[in-house]
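Heads up, the thing below is written out as structure tokens.
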Amino acid sequence: MSELVIPRFIFYIIQFLRDGYSEPDSSSDKDIQKTLQALEPQISFLEDLTKMGGAMRTVLTQVLTNQQYYKDLSCGSAENTCTESHEKYLTALKGSGLAFPEEKPSSAIQEQGTSAMPVQETAGATAASAQSESSDEEDQDDRSSVGKRKRVKLSTSAKDPSIMDVLKHKCFLEELLFWTVKYEFPQKMVTFLLNMLPDQEYKIAFTKTFVQHYAFIMKTLKKSHESDTMSNRIVHISVQLFSNEELARQVTEECQLLDIMVTVLLYMMESCLIKSELQDEENSLHVVVNCGEPLLKNNTYWPLVSDFINILSHQSVAKKFLEDHGLLVTWMNFVSFFQGMNLNKRELNEHVEFESQTYYAAFAAELEACAQPMWGLLSHCKVRETQEYTRNVVRYCLEALQDWFDAINFVDEPALNQVTFHLPLHRYYAMFLSKAVKYQEIDLDSILPDQEMLMKLMVHPLLIQASLSEIHSNMWVRNGLQIKGQAMTYVQSHFCNSMIDPDIYLLQVCASKLDPDYFISSVFERFKVVDLLTMASLHQNTVLDSDHERSMLEGALTFLVILLSLRLHLGMTDDEILRAEMISQLCMNDRTHSSLLDLIPESPNPKSGILLGSCSFESMLSSVADFKAPVFEPGGSMQQGMYTPKGEVWDQEFDPVMVILRTVYRRDVQSAMDRYTAFLKQIGRCPGNPWPPYKKRTPLHPSYKGLMRLLHCKTLHIVLFTLLYKILMDHQNMSEHVLCMVLYLIELGLENYPEDEPCDEDTAGPDRCHDSWFPGSSLLCNMRHVINYVRVRVPDTAPEVRREPPASTSSDSHSSAHNSGTAQVFSLVAERRKKFQEIINRSNSEANQVVRPKTSALKWTAPGSTPQLTTVILEVKESMLSLLIKLHQKLSGKSDSYCPPWLSDPDCLTQADLSKYAHGDGVTAVERILLKAAMKSCLNKLSIDEICRKAAPPVPPKKSSPAEKKTLDKEERRQKARERQQKLLAEFASRQKSFMETAMDIESPESDVAMEIASSEQQVSEPTYDCVICGQSGPSTEDRPIGLVVLLQATSVLGHRRKISEPKKLPTSEEEEQIYLDGTCAAVHDVRLTILQRHFKDSSCLQSVSIGWEGGVYVQTCGHTLHIDCHKSYMESLRNDQVLQGFSVDKGEFTCPLCRQFANSVLPCFPGNNVERGLWQNHTHGNKSTRELILEVEELQEQLGTFPVSISSETNLSKEMEAVMKDIKSATQKKFTDYSKTLGSPDNDFLFMYSVARTNLELELVHRGDNLCSGGASAAGKRSCLSMCLKSKNEQR
């Protein structure tokens, strides 16, 4: 009975679906929904049948899969009444293939047969679907942006015509699934189809049918308006089909599942391809996905990628994928779609009008469509037996990379002001290299390309690292906040192991195999600091503003430290990686368990089997951190339990390099250093400001030993020597961070000295290093080598130009002419070009025949800026050791401060205790390096002794307290700054006078010239302020004033003072409170004012008293300044911020953008010069009486006159002055600001402002130890805002 009824019942449902369907548009959506609603009872009946047990499901399976039933009912002669519905069915089938009717391949292509359907490709990327020859011209017009195309055929095993051709149904199940797809997976139908899965025969048949319709499913999904809902229902079905490995293997073999999936992926992406503008915008043949398309923005591709990752988790399926060379070629071409996508072009003139947010889609696409399948494949390449799979992937990945380089016309120089963070082909190659060496014991050299290809491979990952420094240096500020978002996402914990980590590893591989001098030169050239690396005091950078030089130099050195220190893929075990990651996150901040688990990078594919070590997360956490139990806060809420690093972790395992690598926000690095400093002070190890500690590294894997050659090459040694010299000579753009990184690199070189090289032999005599800075590549030998003269090219205005050539000395026995001939010359750019040409010349004959465009350093010269440079000879006569010893003196602030420890303890060189040098400041770091240099080489020890003997014997320093030492250091720095300023002023005055005498007809007396010079000096000394929001420095002006961040607090604490010293009990009632008011300072002053107002004029009385004792305003500051307009923008952003804040923005409350201290107003800084300060400082007041000082103040007031800013004209400054006075008045209650008999009298405002100034003046006097003339800082380190308060009072007057 069931065999007669059920087939007709199912056919009735199918016929109803045929009749009710029409192509979806705005008018037919409702009709489709009506059709589904009308069918709900019938589908519910089928669903009830599936619940009747296995027997009924077996009957349903036989009916659904029986081809004869379907043929008889669908095409039989008795069904003439269904002709119209059958026509609708055939019409719906026409669009079921991947190729639309208008996109059908030409007859010439069809002759190839369905066994090898072509999928059009670009040079390394698939392009649009096939077109006939007659439509080639039209195709070029319509899609000219896609670029030229070349065909790449699929694997010959792809014989299933359903991939590209129109579907053909043979049973009810196939057509039922077809209409389920057409109606976009209605929930009732999906439930029925899934309820049948317990029947094994049905499950196999349904899986094959699903694979048959897979291309049609994704095509429908791509056009759907409800792609999110449809995606979830597709995955709900597919995850139950493809999670079974045996079933997935069966459909892979019988239905070519892998071919279908890869083909459909190519088809989905072809509609959003655009021409790549990377490198050669006009002639590029490469195409990339357009991240602005809905396909990528809405993650429409997600179900397909999810299924692909799912089946790759099965070893048998992944094995077939890795064995199929055709599939690998096609997959690498698919990955190349994402190579170079979302290109960023640096804006140089105007800010972008619209900030595109396409980078979200770009990062998500690379992670999901490229990285996750990569991790799935890597999970099956972890034993030696799978070496061939890795070799296949590496081979075709290199071929795809070569195609990409050819398509973008890349030779050796990247295009200027361009960067893309998306290089999936590079990362595929890097990760398969890493696993091949780590797990499969493959010889690294056997899977590496030639030197020329390695040089190409390193360019774009290195460009990303340089661009990160540019972005953090605000060189990309005109591109908006989205470029910073990309830089942060690139290093974020969910992306770092698929992006920055493979990039760093690939650069490490290239560095280990390429010429070290070439690599080092390339690094500094990419970071655009080549012009800065000169020993001259002045230089001219043709590609970088001076404001960005320091941060870019810091970035280059930090990158080299990371490159040479990181061991994530160079020898660390999985447990060591997990421990290092956990420690770096805990050192930044205390973490909860959930946040720490989220911040630890892990494999993006949870089924990949790549786990972070055998040690569990919990046991590792307990070994490195202590748990702080939850505590209740005063408000009643409970603070979560946090994990904090153990003391021994801070002492032995804190790694600042790992912290820098894993930092998303730069402030986290400072937070880690602050916590490290607090720990050292807690245990009493370092009372000062410690430097980042040096951490000994995990031994390198033997395959990467060549990486340490970077530390032992002349180019790096020249750079280190130059930077040490510049730091010692106080050249511009040198910072403490630069010195820290230089010392870190030197110490790395000493720790990783080649064992096979002699350390106590000079490899060259004095005559052999005639044309080179150093005798060889050994760091130990080069550290003691003395550089006598250096030839430098400097601007005409440099001080070196006016110097006489260095005279010959007896010790040198060389003439000046000979000095000129032996002076060292070095050019990083020229060195890199030379090495590049040498490598090219050594390549094979085929590569030699390629015509390469000539490149030169002239490419970097900015248009219209031809620097006028002069060659001079600079006398140096220093070695690295001598520079280090002098730096020790500079850092310690004492002459002849370094005393070799082996003089007092000869055993320290053989049994050195380096633990006492583990933590400390720059002085400790220099001492540690000098000790290691002496331990490694006896000649270095003798050289250090000789340098110290030439200097005067050290004088034991006077013991002083830390506070006195800090004060002396500050005074010394101030004195040096004043001396430099006076020198610059004198030079400026001399040049101005010389110019006026030679270029102008001077008729005025010399006194006029002197007056102008004096005025120019005063103008130069105009105070400048740094805005902590925009980062600009400059003076405060009337049009754009700068303000001091202040906190205004009302206080009556001074009014509670009493003349009697005996303590009083706190009042417990209102009556007692009234009693205690008697005899207080506030009450006495109130009585005094009342008496005065009885006998004198009100205005006279209000100018004779102070009311700051009760309800006064205490003004304090963190010392940071900002532009008033920047502050307004900052406040507006706080108002728009939806995050819950602990302060009221509407009341003007905010936190300082730099130090995050609480504030509620901005006190304007008055424009003008430092004449007032100069006049005051020119008077000696050390031993003068108070009366004499008062007379001097009165004289100065007469000389200075009134404040130069006029309040008659309405300026931005005057407006802000009015605003800040309102803030001061509103900080306290109105009753404390109105003491006049006449309401609204202006005398009230004068009295209140004078009282505020007086109160803060007296408080400042207390902080300065009862002596305002001392000029010293307060004992508590409070920053004074007294000057601004007094000037505000003067403005009120």
Side-chain angles (χ1 to χ4, degrees), residues 1-22 31-93 96 167-210 212-213 216-217 220 233 236-237 240-241:
M1 185 68 181
S2 59
E3 294 178 357
L4 296 175
V5 175
I6 293 179
R8 295 181 178 273
F9 183 76
I10 293 176
F11 182 69
Y12 166 77
I13 295 176
I14 290 176
Q15 193 171 12
F16 196 88
L17 290 171
R18 289 178 178 180
D19 292 336
Y21 182 78
S22 59
D31 297 336
I32 292 177
Q33 293 301 321
K34 288 181 180 179
T35 303
L36 292 175
Q37 289 177 2
L39 271 179
E40 278 193 8
Q42 288 79 4
I43 300 176
S44 298
F45 174 70
L46 287 177
E47 190 177 346
D48 293 337
L49 290 180
T50 62
K51 299 176 182 178
M52 295 177 65
M56 183 55 70
R57 284 196 292 268
T58 301
V59 172
L60 287 172
T61 300
Q62 292 175 355
V63 173
L64 289 171
T65 58
N66 191 297
Q67 297 183 15
Q68 190 63 39
Y69 284 159
Y70 178 77
K71 183 178 180 181
D72 294 341
L73 291 173
S74 179
C75 304
S77 59
E79 299 296 332
N80 294 329
T81 57
C82 303
T83 304
E84 185 178 349
S85 64
H86 190 70
E87 290 295 331
K88 284 190 174 182
Y89 163 64
L90 294 178
T91 303
L93 276 179
S96 61
L167 291 170
K168 295 179 182 179
H169 298 142
K170 300 178 181 179
C171 62
F172 288 125
L173 180 60
E174 293 178 359
E175 188 171 348
L176 201 60
L177 180 60
F178 171 78
W179 288 114
T180 301
V181 176
K182 270 290 187 181
Y183 281 85
E184 297 188 1
F185 290 88
Q187 186 61 51
K188 282 280 186 180
M189 190 69 73
V190 171
T191 304
F192 163 67
L193 294 173
L194 291 179
N195 284 348
M196 288 290 296
L197 286 179
D199 188 276
Q200 190 62 27
E201 184 180 350
Y202 169 84
K203 188 173 186 178
I204 295 174
F206 180 68
T207 304
K208 292 182 178 179
T209 303
F210 189 82
Q212 176 190 0
H213 288 74
F216 177 59
I217 291 172
T220 306
R233 291 177 181 174
H236 192 195
I237 296 174
Q240 300 191 51
L241 303 180

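Heavy atoms only: backbone and side chains are in, while hydrogens, waters and symmetry mates are out.
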With respect to Y202, which candidate in T207, T65, L60, L173 satisfies the side-chain contact (heavy atoms from CB on, under 4.5 Å) definition? L173
What one should report as the nearest heavy-atom pair of P198 and N195 is CD-O, 3.2 Å
Can you confirm whether C171 sits close enough to N66 that some side-chain heavy atom of one is under 4.5 Å from a side-chain heavy atom of the other? no
Testing Q67, H213, E175, Q212 for side-chain hydrogen bond (donor to acceptor under 3.5 Å, both in side chains) with H169, which one passes? H213
Heavy-atom closest pair, residues L73 and P7: CD1-O, 3.6 Å
Heavy-atom closest contact (F192 atom, E47 atom, distance): CD1-N, 4.1 Å
Point-to-point distance, once rounded to the nearest 0.5 Å, from OG1 of T209 to CG of L177: 6.5 Å
Expected output: side-chain Q240 to main-chain H236 donor-acceptor under 3.5 Å: yes
Any I43 side-chain heavy atom under 4.5 Å of M189 side chain: yes
Whether the S44 and K188 side chains hold a donor-acceptor pair (N or O, under 3.5 Å, no angle test) is what I'd like checked. yes
Rounding to 0.5 Å, atoms CG (L176) and CD (E174) come to a distance of 11.0 Å
Do the rings of Y89 and W179 sit parallel, tilted or perpendicular, given the 30° and 60° boundaries? tilted
Value rounded to 0.5 Å, distance of OH in Y69 from CZ in R8: 11.0 Å
Ignoring hydrogens and geometry beyond distance, is a side-chain donor-acceptor pair present between D19 and Q15 at under 3.5 Å? no
Can you tell me how far the CD atom of E201 sits from the CE atom of M196, to the nearest 0.5 Å? 9.5 Å
Counting distance only, does the side-chain N/O of R233 pair as donor-acceptor with the main-chain N or O of F185 below 3.5 Å? yes
Atom CG of L17 and atom CZ of F11: how far apart are they, to the nearest 0.5 Å? 11.5 Å
Calculate, to the nearest 0.5 Å, the distance between atoms OG1 and CG belonging to T191 and L46 respectively. 12.0 Å
Is it the case that over 12 heavy atoms from other parts of the model lie below 6.0 angstrom from the NZ atom of K170? no
Looking only at heavy atoms, the pair that brings F16 and A38 closest together is CZ-CB, 3.8 Å
Going by heavy atoms in the side chains, are I237 and F206 under 4.5 Å from each other? yes
G20 and T35: which non-hydrogen atoms are nearest, and at how many Å? O-OG1, 3.5 Å
